[in-house]
Amino acid sequence: MKTLLYLLLLVVSICTAQTTISGTITDQTGLPIPGVNVYLEGTYDGAMTDVDGNFKFNSEESGIVILVASYIGFEPYRKESDIAALENLDIKLRESMNELNTVVLSAGSFSAGDNSKVNALKPLDVVTTAGAAGDFIGALQTLPGTTANPDDGRLFVRGGTADETQIFVDGNRVFSPYLPTTGNIPTRGRFSPFLFDGITFSTGGYSAEYGDALSSVLLLNTTDFPVEEKTEIQLMTVGVGAGHTEIWDDNSVSVNATYINLAPYNEVVPQNNQFIDPYQGASGEAVYRHKTSKGLFKAYGAFSYSDFSLNQEDINVADGFFFGLRNRNYYGNLNYSGELSESWDLQTGISLSQDHTDLDIARTSVDNAETAVHAKLKLSKRYSNYFKIHFGAEQFYIDSQEKVRFQDEPFKTNITQNNTGIYAETEVFASKDLAFKIGGRADYYDNTQSVELSPRLSAAVSLSNSTQLSAAYGVFNQQVDNAILQYDPLLETETAQHFILNFLHKKNNRMLRAEAYYKQYDNLLTFDDAMPGFDTNYTNTGDGYATGLDLFWRDEQSIKNLEYWVSYSYLDTQRLYRNFPESATPAFATDHNLSIVTKYWVDNLQSQLGFTYNYASGRPFTNANESGFLNDQTTSFQSLDFNWAYLIDDQKILYLSVSNVLGRDNVFGYQYSSTPDAQGQFDRRTIGQAADRFIFVGFFWTIGGIDNQLDNL
């Protein structure tokens, strides 16, 4: 009987045997962390660390268990092990990473509205910046790195041409992002700024995800799932617009339409151009969104139509010559982004662009049509907050046709491209104070059957909680423009190397950003005629450089109700390209650019008042009465712009904007006669502003929802 009792006690003892789990928890520097919650997953067995980081508890569990240690501000620790091996552990926790405490790879990039701590603009800065006139391109031109070309309207970045900046909507390339126009009439972006809640503008050193862009990329992200239904009405001195958002279950649709006609405006405000048919245009956009269990599907479509005609001045044609333009453009994309698992993410999309422009120029008519497709797949694997990898592939198809009829003699050109890109990039955080991004891409160009490799590197280090240094290097390739490639499809890609050093300080709603850069151009296109044509000789023997310093200061704190930013860019650039006889600073590049933007809220007037001052030093031009090429400079460009937004009530705003308030007579260049006068001098005409001022009045009314228009100021 005693033996049986012993055996029973032994069995009970074995069944209730407890294992001691113990150890010490420290941070990466070896300092103990008190208060860490340590436990076995799926049980109530656990303890807290003491002031020395020690913990100890017993468990009746057996076999393989999972030990978890968690503490705010650190990454959770998990260890799967036989419980017998969980004694005298030495555990080191790593600090968790978030947007506020982690260094940001910011060299070359400005952001708006993505909650990043390097945000330079708010989303609504696009429509509340005096002089921008509701065009996101206009607002971006108040940032450093851009060069003011108000007679053109497109983005010129760090000595690059406007064609060296590529624009993407939800990750897909937009092949015709600007409304077509003619010389000395500035263009605008095609898209409504109200549809975007995230903007990233990179002036260099950008991710390997983006190719075929020598100087810059602009990334526009449409709003994700809306939070409320509403209707918006716009009544403007130049046209009308309306929009509506509808939500049901996991679906939503936002539509927006605008009609612009400048004929009444031109009757009231005199223009410097002799319009025959003033500009008129219609555009519409729609975004459909569907939430899935792990992602979001978006379908975006946009259509625009525009036409105008005028009698264009020319010093060599006494009465000028007729210029007429009619354009139809469609752009659409389908996108999906979501999680494949806890650590894998997927982004994929496809876009289709069709652009058709008819031109009538004196006795010549031009019919230009382009169809382009961009398909993209991106996968991201998150191993931890310290190590991520992104990789993907994309395919471009571009078909461009041009039919020209000159003095009843027709001829047609065509170029088709099938280009493929693949890339991979890793983000490595050695700590929250030191990060690297290493990657590269390979592009296959169908016409030349060549592969171009583009390495990309960037790094950032925190100097303090509010200050960091970052640097970037990359090789960038871009195919020659279709207008040239149609004459010689075997031209190689143009290349640029970017070297960037960035300093960023942000604290208490104040930001100081300074960035120095050097850009080396190679393989630039050259040709030997005044105008490119079939018989022109083309080569890739051009080269050049651009170097400079960009400064940006934004302050939302120092003076109550006042926000302002100041940006300054110094640019030194020369290039040998196109039909330049020698290396020179191009006419679109100016040495100094300065923008001062202010916004002041006046309580008593329920109004926001804004002023923008833009300055650009003189542009180079070739003075035909002097020897040399690009041997002279215009006077500086200066403009003071004003806007006034009056909040009638929570959902109604009256908006007034006046550009060039002081009426400065800015000069962008000169056109010289083709023959000299009796004294051997070439006469010239001034190329100035399309209008001395632009005055805009708009009434914006939001119906439904809980939006307060004050939030938009």
Side-chain angles (χ1 to χ4, degrees), residues 25-33 36 70-77 92-122 143-145 198 200-209 380 382-390 425-439 456-474 498-518 549-558 565 567:
I25 298 181
T26 59
D27 63 16
Q28 292 295 304
T29 65
L31 292 174
I33 308 175
V36 179
S70 64
Y71 189 67
I72 295 175
F74 290 85
E75 288 198 327
Y77 172 87
K92 290 186 180 297
L93 295 187
R94 303 182 75 171
E95 283 186 89
S96 62
M97 317 261 276
N98 59 57
E99 293 170 344
L100 297 179
N101 72 358
T102 307
V103 68
V104 179
L105 293 158
S106 61
S109 290
F110 288 94
S111 297
D114 64 355
N115 296 320
S116 167
K117 71 177 182 181
V118 297
N119 271 0
L121 295 179
K122 300 175 185 175
L143 295 179
T200 299
F201 176 43
S202 181
T203 51
Y206 31 89
S207 162
E209 182 178 347
S380 300
R382 184 177 58 258
Y383 291 91
S384 72
N385 285 340
Y386 289 84
F387 184 77
K388 302 173 187 174
I389 185 169
H390 313 278
E425 200 163 54
T426 61
E427 291 180 35
V428 181
F429 284 81
S431 71
K432 67 181 180 61
D433 297 322
L434 180 61
F436 304 91
K437 184 182 284 187
I438 305 165
R456 312 281 168 88
L457 306 169
S458 59
V461 58
S462 285
L463 304 179
S464 69
N465 290 335
S466 54
T467 306
Q468 68 169 56
L469 276 178
S470 54
Y473 166 78
H498 297 189
F499 302 84
I500 299 171
L501 182 62
N502 173 284
F503 170 84
L504 176 68
H505 174 80
K506 187 171 185 181
K507 189 175 183 180
N508 298 333
N509 293 322
R510 300 183 185 95
M511 172 191 274
L512 173 63
R513 184 179 184 276
E515 191 162 284
Y517 65 89
Y518 178 79
L549 175 67
D550 296 339
L551 300 173
F552 179 78
W553 167 254
R554 179 159 187 159
D555 185 352
E556 304 171 49
Q557 185 73 27
S558 299
W565 69 81
S567 68

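Along the sequence shown, residues are numbered consecutively beginning with 1.
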Rounded to the nearest 0.5 Å, what separation is found between the CZ atom of Phe503 and the CD atom of Gln468?
9.5 Å
So which heavy atom on Tyr517 is nearest to which on Leu549, and how close?
CE2-N, 4.0 Å
With side-chain contact (heavy atoms from CB on, under 4.5 Å) as the test, would you mind laying out the steps for Ser558 and Arg510 before giving the verdict?
CA-CA 9 Å; Ser558 299; Arg510 300 183 185 95; 3.1 Å; yes
Using modelled atom types and a 3.5 Å cut-off, is there a donor and acceptor pairing between side-chain atoms of His505 and backbone atoms of Leu512?
no
d(Asp550 CG, Thr203 OG1) to nearest 0.5 Å is 6.0 Å
Side chains of Ser207 and Glu425: any donor to acceptor distance under 3.5 Å?
yes
Can the ring centres of Phe499 and Tyr473 be said to be less than 6.0 Å apart?
yes
Give me the ring orientation class for Trp565 and Phe552: parallel if the planes are under 30° apart, tilted from 30 to 60°, perpendicular past 60°.
tilted
My understanding is that only residues two or more places apart in sequence, or in another chain, count here; which of them pass salt bridge (Lys or Arg N to Asp or Glu O under 4.0 Å) with Asp27?
none
Atom CE in Met511, atom NZ in Lys506: separation rounded to 0.5 Å?
4.0 Å
Atom OG1 in Thr426, atom NE2 in His390: separation rounded to 0.5 Å?
8.5 Å
Interatomic spacing from NZ in Lys92 to CD in Gln28 - rounded to 0.5 Å
6.5 Å
Residue pair Gln557 / Asn509, side-chain donor-acceptor N/O under 3.5 Å
yes
